[in-house]
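Input: a single structure, listed below in structure tokens.
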Amino acid sequence: MAASAAARTSIGLTLRFHRVIPDCSKCPLYRLKSCTSNRANPQRRSSFNSFRTMNRHLQTSKCNSNSEDPDDVVNVVFIDRSGKRIPVKGKTGDNVLFLAHKHGIELEGACEASLACSTCHVYVSAAHFDKLPEPEEREDDMLDMAPMLQENSRLACQIVLTPDLDGIELTLPKVTRNFYVDGHVPKPH
Amino acid sequence: FSHLSFAVCGKAFLSSGSPKVCIVGSGPAGFYTAQHLLKAHQNVQVDVYERLPVPFGLVRFGVAPDHPEVKNVINTFTQTAKHPRCSFYGNVNVGEDVSVDELQEAYHAIVLSYGAEGNRSVGVPGEDLPGVYSAKDFVGWYNGLPSCQELRPDLSCETAVILGQGNVALDVARILLSPLDALKKTDITQPALEALAQSRVCRVLIVGRRGPMQVASTIKELREMVNLPGTRPEMVAADFDGVAEALKDLPRPRKRLTELMLKTALEMPTEKEQERRKKASRIWGFRFFRSPVEILAEPGCNRVAGVRLAVNKLEGSGEKAQAVLTGEVEDVPCGLVISSIGYRSLPIDPTVPFDSRRAIVPNSMGRVHNAAGLYCSGWLKTGPTGVIATTMNSSFDTARSLLEDVESGKLDVSSAKPGSHMISSLLEKRGVKPVTFSDWEKIDDLETRRGEVSGKPREKILTVAAMLKVAQT
């Protein structure tokens with residue numbers, strides 16, 4: 001738990017604890033059945049109910065693997081918006097968005113990994129793109145909102161590291177300066 | 001990007017001196033601009049001014065109550081507000097309590113990010129009839145915006161017509177038709193919840209000038225309507241002529257959205273879905289190729305009784321398709337009309353350039369034209385469209401422009417400026433007491449505790465006077 005607590009502090013997320021249970025159905029680890037937390041089992045929900053009745057704060061940082069085993073290391077390269085390559089060492093089970101935050105990579109996560117925004121949009125290296133599990137419909141819906149969508153676009157908050165993703169490269173889309181010149185196409189809101 | 005390691009993240013522009021920047025408006029545009037400035041410059045001091053006692057703008061007052069995850073961004077903004085080089089001053093009306101000229105004296109640069117508080121008028125007779133509301137006001141009403149608490153919309157009719165087919169229109173439709181159980185656990189205001197509990201509205205038509213391939217809404221919101229418990233869709237099949245054929249050439253987002261619409265409108269539902277629809281007591285549907293030309297009242301009765309819609313056809317295709325009148329009209333009886341055709345920025349200070357045709361502050365990449373030291377971000381800069389992510393990118397762009405100007409000397413930060421000291425004493429002389437961020441946290445805390453009583457994330461305080469009482473005693 002210490003590693004998770006440290007990750008939470010460095011991220012600076014303010015987690016509020018309501019009298020509600022975290023929604024494990026949203027956590028990619030749960031979906032991949034690689035969640036080691038005890039909490040996932042008693043609160044198992046059979047299917048995602050898109051109709052929310054409770055306010056939920058996702059706590060995937062708690063589900064990060066705490067293993068210190070060097071065999072668990074997964075090498076990741078982030079390529080930031082200026083093209084700079086930033087290699088980092090992650091572990092199996094790490095959520096790639098939180099890994100990015102831990103290393104000061106400029107990847108926003110406005111909705112805190114709850115599939116309600118597209119600010120963690122990244123391009124995945126060709127060699128690894130097909131190794132990722134198919135996005136669920138909700139991720140595709142949010143990806144549709146991301147500017148400069150490409151074939152290899154994914155939301156970083158939905159990528160969980162596994163050994164076969166070793167060497168994965170994640171490129172942050174360049175934010176164009178010419179976003180809103182005259183004659184721009186209105187975007188939804 | 002809420003991280004405390006600002007000083008360590010090494011992208012500092014190496015300027016000497018302590019630039020003081022003032023940001024007007026504390027919604028996503030204001031906070032994202034602040035965030036970027038603080039991260040990129042080791043010495044910049046950022047002061048955020050907000051007219052209301054409470055921060056966060058449309059995240060608090062615009063995002064629908066049943067979209068709580070979208071509001072998670074508040075945690076990021078809170079981290080920014082609590083940054084040692086950032087200060088929040090709520091309850092300060094720029095343009096009334098203090099002028100932009102005075103702010104320019106006090107600060108090296110001003111970033112205007114006060115958004116769009118007005119709305120586009122439909123411009124047809126009958127728009128002022130009781131029973132006609134702007135979506136901006138309706139959303140403000142159920143989200144607790146103090147200036148909209150007296151709206152008291154009449155929900156005693158069966159049919160509501162929403163003009164406009166963007167995400168705000170879908171939000172309004174969804175709130176009107178959601179089962180009460182779903183809304184009870186959200187941060188929707190108590191008076192709105194009570195009004196909706198009494199609502200007889202059971203049919204909502206969402207009307208647009210053009211066709212299915214021009215809707216401005218997005219797939220997430222459409223899916224929520226399709227899946228809304230207790231409701232069934234009612235569309236006009238003929239509106240979808242030619243759409244299936246056009247699908248293959250569409251870019252992915254538009255394609256997926258259109259496919260979902262087609263499926264909902266035309267496809268034979270599964271047996272399970274047919275059962276569900278039979279039991280549904282509430283109806284929603286899009287009506288395409290219709291423009292409002294008049295809002296009608298029953299003779300002798302001063303209330304909306306219907307909308308007269310002109311029938312259009314499309315010229316051109318895709319985003320640029322234009323609606324052209326055919327000469328036909330059609331009257332739709334209804335007791336509630338909500339116009340959701342766009343928000344609109346307003347000028348707040350005569351010294352700030354304002355383009356009243358486009359309702360934005362004229363600028364290039366966030367630098368206000370003909371106004372040294374003035375910048376803008378968010379909807380005031382680009383017009384009132386875009387989600388939080390869009391505003392984020394736009395705000396980062398403005399921050400970059402400002403920082404480039406510091407670096408190049410175009411923005412002179414060499415002489416010291418008094419910053420908030422000057423403004424605070426001006427405000428004190430004028431009897432204005434700013435609400436600090438920890439004052440806001442008292443309001444936040446009370447709202448949260450009140451919400452716990454009824455299983456809601458918060459029970460919002462609904463008047464400025466009540467907010468100030470909590471904040472400042």
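Just so we're on the same page: letters track the sequence lines, and every chain starts at 1. Predicted model, so just to flag it, every value in this text is computed and none were measured.
- Annotation: side chain of B:Thr390 is not in contact with side chain of A:Met145 (no heavy-atom distance under 4.5 Å).
- For B:Lys263, the NZ atom sits in a loose shell: 12 or fewer heavy atoms of surrounding residues, nucleotides or ligands are nearer than 6.0 Å.
- Residues A:Asp140 and B:Arg252 are paired through a salt bridge, judged by an N-O separation under 4.0 Å between the basic side chain and the carboxylate.
- Nearest heavy atoms, A:Cys111 versus B:Asn72: O-ND2, 2.8 Å.
- Under the side chain to side chain donor-acceptor pair (under 3.5 Å) criterion, A:Lys89 pairs with A:Asn75, not counting sequence neighbours.
- When side chains are defined from C-beta on, B:Phe396 does not count as touching A:Glu106, because their heavy atoms never get closer than 4.5 Å.
- Listed by chain and residue number, nothing satisfies the salt bridge (charged side-chain N to carboxylate O under 4.0 Å, His left out) test with B:Asp355 (two or more places apart in sequence, or in another chain).
- Proximity of B:Asn393 to A:Pro147: side-chain heavy atoms (C-beta onward) are separated by under 4.5 Å at one or more points.
- Among all heavy-atom pairs drawn from A:Glu137 and B:Arg256, the shortest one is O-NH2, 3.8 Å.
- Atom NZ of residue B:Lys71 and atom OG of residue A:Ser114 lie 13.0 Å apart, to the nearest 0.5 angstrom.
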**Request:** Report the C-alpha distance between A:Leu115 and B:Glu69 in whole Å, list the side-chain angles of each, state the deciding distance to 0.1 Å, and finish with yes or no for side-chain contact (heavy atoms from CB on, under 4.5 Å).
**Result:** CA-CA 8 Å; A:Leu115 286 180; B:Glu69 304 85 1; over 6 Å; no
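- Distance check: A:Met142 CE to B:Thr218 OG1 gives 7.0 Å after rounding to the nearest 0.5 Å.
- Going from atom CG of A:Leu143 over to atom CD1 of B:Ile219 covers 11.5 Å, rounded to the nearest 0.5 Å.
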